[in-house]
Number of protein chains: 2
Amino acid sequence: MALADATAGTRNEAGIAAALGILKQAFGDRFQTGQSFREQHAHTTTYIPAQLPDGVLFAETADDVKAAVKVCAEHKVPVVAFGMGSSLEGQVNAPRGGISIDFSRMNRVLEVNAEDLDCTVEPGVTREELNTYLRDTGLFFPIDPGANASIGGMASTRASGTNAVRYGTMKDNVLAVTVVTANGEEIRTARRARKSSAGYDLTRLFVGAEGTLGILTSVTLKLQGIPQKIAGGVCVFPSIKAACDAVIMTIQMGIPVARIELLDAVQMRACNAYSGLSYAEQPTLFLEFHGTDETVPLQSAEFAEIAAECGGGEFLWTGNPEERNKLWKARHDAYWSARALAPEMAALSTDVCVPISRLADCVTETQVDIETHGLLAAIVGHAGDGNFHVLLLFDDKTPEGVAVAEGFVTRLNARALAMDGTCTGEHGIGQGKMSFLEQELGGAVDLMRQIKRGLDPDDIFNPGKIFREH
Amino acid sequence: MALADATAGTRNEAGIAAALGILKQAFGDRFQTGQSFREQHAHTTTYIPAQLPDGVLFAETADDVKAAVKVCAEHKVPVVAFGMGSSLEGQVNAPRGGISIDFSRMNRVLEVNAEDLDCTVEPGVTREELNTYLRDTGLFFPIDPGANASIGGMASTRASGTNAVRYGTMKDNVLAVTVVTANGEEIRTARRARKSSAGYDLTRLFVGAEGTLGILTSVTLKLQGIPQKIAGGVCVFPSIKAACDAVIMTIQMGIPVARIELLDAVQMRACNAYSGLSYAEQPTLFLEFHGTDETVPLQSAEFAEIAAECGGGEFLWTGNPEERNKLWKARHDAYWSARALAPEMAALSTDVCVPISRLADCVTETQVDIETHGLLAAIVGHAGDGNFHVLLLFDDKTPEGVAVAEGFVTRLNARALAMDGTCTGEHGIGQGKMSFLEQELGGAVDLMRQIKRGLDPDDIFNPGKIFREH
């Protein structure tokens, strides 16, 4: 399947056999080579076909990771990190076999420093687990990619989501990581200080490296105080352009919206049908405000003025948690309601991101593309960042269906790049977007290859991802 | 002078002679080899002795930079970028000679995208020039390291300053850079989208690389809307601990202070004497709030409550610009007033940064150190980030005087590292802190070396900086 864009490369059969023997010996039951384990660890939430590892290590400590990497380095065997398997671009696939390191047992919160608003966790902790753990401290970890992803996976794909407009992405919220490098040693990229000018920014190099430069063994995160007051709101607009104008003015005026999400008419129709709602089937913004009893009403009032100025309808908002959940129900159910438009079809989720001045153009031209080609697709955008997802429903059972999807994705990415945007705002490159990365950054991809060669000369860490050839 | 910690390395005399001939031919008067030009480009604002380049190129375009780097790459000659020369750790020194590229003529603002809150500038634009240029747009570039540094230099040292607590550091405010790499080609690290997961974060790799991986030719920056309302405030505290407690509570409660600066008693005494003020000579916090007519008074009131709870004196604040400047005068004059404590002595400025829970300990222990060793030093801190400067006045004319300064710096950095802090919050490593970087990050420094070797195999870009040996 061409969509997978997979670089199969060559399997190092002798090395894999040798490493499997040693790992089995060393880890016993914690190293599994059975088909079901292998399938579980290449089964992603994506349309990209599975490519199975040869064995799965259930790591329990950083020492396990070091030992496994040393064996794999010696025998030149691929090592793929596996968190929750919620990545979308084939990041957990093993195109050349090798081992998958499963982090589900490395899910301890190691340290919370409430006064410093930070914590250190093992990579297998999920964001929901972390927030449950933190509840009594008055703190929370804000990054919310939708899925209950692992923190290690979120760091590795530079994840973000609905509230990046306020709190940034993983790039902004990881203070330091510990990593097992290609020589099997563990290094720490930074201290716990809030800022530093101490040499190259290795933290940011590992955040978003998709496991191709080393294996994370802990992540130190910034935390936020749980807001005293949270309010939610909804506003319908006559056009995508009007909604995007309201977003631009909101950002320009510095209103610190916590979330500002755009759903297009198709998505609103899907939400009405799926969740029994009766919203106008028009472009709609869903907002959330975080602040105090005093500031949240001010923010909401400021936004209401902007919305009115841009031709929006009434701005409904509420500080009541239950009513807020009701208001936001359409947004929360967006994915499943869009899937329900054609449950028999496969779905793929794109994630281009453009400068916000071009968001309306990019969404509108994409809607025309969808209509012109007779496709079925719903659009949900993290509008404050210029980032939007098209959930395309397509037939993955026939070459024609796949070709249609490929054509759409190719046109969409070209459109975003022409607007000085990126092919991926938050899902990463993985196997699915390698050619688009080349189009996006050209010669800069060679620098990435040079870094990869320097840090992982035998290409053992997640080979066949991000760029072609080592 | 051991403080310089300079790696002289070997001069490539033949290569330098060859390159100088070619560059003179190619650039005529724009390439200068006279002593005064060479001295100007190694004269830093620091105690580190000058190490002169062999020639200075006044670059006017990115093509000039490409041409010069190609010549230097071919002849293996060092290339050192020079902005305003305001770096503090010997970053513009040329320990192995070679050429300095002066960016003062590459000072154009190339593009401002007001709707997207971004701009692209040449590296020689200073932050004051940029903000003057932007004035009519209603936007500003917030990072303020004190000196009127060039944007290229600020990016390269990962600079920050007083309002990083609100707006982040250069790491957070550079969207993309163009860079001439070791093969003389220019690459662009990212598109203009606000966020991206497209491969390794090359932008963050060049931010803070101190010119050791390539030469910046343009920088794309995030901008902010000029706040509707700015207020300033001052509050005296009975102890460093009390002041730091107020800072911690302010940050924990999420009050979006724009600046929160701590001056110790010695610094306040210096300010009173220098600027004819009559502040209590006690630890004092200087604050600034950015917001609207509605939110700024709310923020100020919240802080006043916290200050009272921590035993602080009356919180004086004002939204009137002239009165605000008067209130902040002590902070604005801090550097020169501290120098005036002993104008005949040399000064060095440290910049450790610790988790804010440890700031009071680190400052207090440092004061004890200063007193115990009979030193003269004033402390000013970007308290919201846990970052503070000791301006140490010392005798740089005698080996004993230098040894005293070295001893102090060594103890200070060890103290910060023991508290999980960094030896540099914002000045960078340069030549002055290489041994401290090793202490801070250990094996991670080897990864930096691997990256350097991969991207600059002949070590032409600012050699002898950040780490020893290539």
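Convention: sequence-line order gives letters A, B, ...; per-chain numbering from 1.
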Chain A: which of [options] shares the most heavy-atom pairs with it under 4.5 Å?
{"options": "B:Val354, B:Val445, B:Leu213", "answer": "B:Leu213"}
{"options": "B:Arg192, B:Arg194, B:Gln450", "answer": "B:Arg192"}
{"options": "B:Ala114, B:Cys423, B:Pro227", "answer": "B:Ala114"}
{"options": "B:Ala416, B:Gly421, B:Pro355", "answer": "B:Pro355"}
{"options": "B:Asn113, B:Leu359, B:Leu202", "answer": "B:Leu202"}

Aromatic ring centroids of A:Phe206 and B:Tyr200 under 6.0 Å?
-> no

For [X], is it the side chain, the backbone, both or neither that has a heavy atom under 4.5 Å from a heavy atom of chain B?
{"X": "A:Thr157", "value": "backbone"}
{"X": "A:Leu455", "value": "both"}
{"X": "A:Glu302", "value": "side chain"}
{"X": "A:Leu447", "value": "both"}

Mind running side chain to side chain donor-acceptor pair (under 3.5 Å) on A:Thr212 and A:Asn462 for me, showing each step along the way?
-> CA-CA 5 Å; A:Thr212 63; A:Asn462 213 4; over 6 Å; no

What part of [X] lies closer than 4.5 angstrom to a heavy atom of chain A: side chain, backbone, both or neither?
{"X": "B:Ile451", "result": "both"}
{"X": "B:Leu441", "result": "both"}
{"X": "B:Leu117", "result": "side chain"}
{"X": "B:Leu417", "result": "both"}
{"X": "B:Asp201", "result": "both"}
{"X": "B:Ile251", "result": "both"}
{"X": "B:His382", "result": "side chain"}
{"X": "B:Leu437", "result": "side chain"}
{"X": "B:Ile248", "result": "side chain"}

Is there a donor-acceptor pair under 3.5 Å between the side chain of [X] and the backbone N or O of [Y]?
{"X": "B:Arg158", "Y": "B:Ala209", "answer": "no"}
{"X": "A:Asp385", "Y": "A:Cys353", "answer": "no"}
{"X": "B:Lys433", "Y": "B:Gly428", "answer": "yes"}
{"X": "B:Lys452", "Y": "B:Phe467", "answer": "no"}
{"X": "A:Thr250", "Y": "A:Ile255", "answer": "no"}
{"X": "A:Asn387", "Y": "A:Val352", "answer": "yes"}
{"X": "B:Asp351", "Y": "B:His389", "answer": "no"}

Among [options], which residue has the highest count of heavy-atom pairs closer than 4.5 Å to chain B?
{"options": "A:Gly384, A:Ala198, A:Gly225", "result": "A:Ala198"}
{"options": "A:Gly168, A:Gly254, A:Ser196, A:Gly291", "result": "A:Ser196"}
{"options": "A:Gly443, A:Ser357, A:Ala190", "result": "A:Ser357"}

Qualifying residue for side-chain hydrogen bond (donor to acceptor under 3.5 Å, both in side chains) with B:Thr220, from B:Thr203, B:Thr189, B:Thr120 = B:Thr120

Any side-chain heavy-atom pair from B:Leu139 and B:Ile226 closer than 4.5 angstrom?
-> no

Which members of residues 173-188 of chain B, sorted by number, sit under 4.5 angstrom from chain A on a heavy-atom basis?
->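 Counting heavy atoms that sit under 4.5 Å from chain A, the residues of residues 173-188 of chain B involved are B:Thr181, B:Ile187, B:Arg188.
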
Answer yes or no: is there an ion pair linking B:Arg449 with B:Glu438, defined by an N-O contact shorter than 4.0 Å?
-> yes

Charged N to carboxylate O under 4.0 angstrom, A:Arg358 versus A:Asp420?
-> no

Distance-only side-chain donor-acceptor flag, B:Glu426 / B:Ser160, under 3.5 Å | yes

Indicate whether the side chain of A:Thr422 and that of A:Glu440 have a donor and an acceptor atom separated by less than 3.5 Å.
-> yes

Can you say whether the rings of B:Phe140 and B:His290 are parallel (under 30°), tilted (30 to 60°) or perpendicular (over 60°)?
->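 Ring orientation, 0 to 90° scale: perpendicular.
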
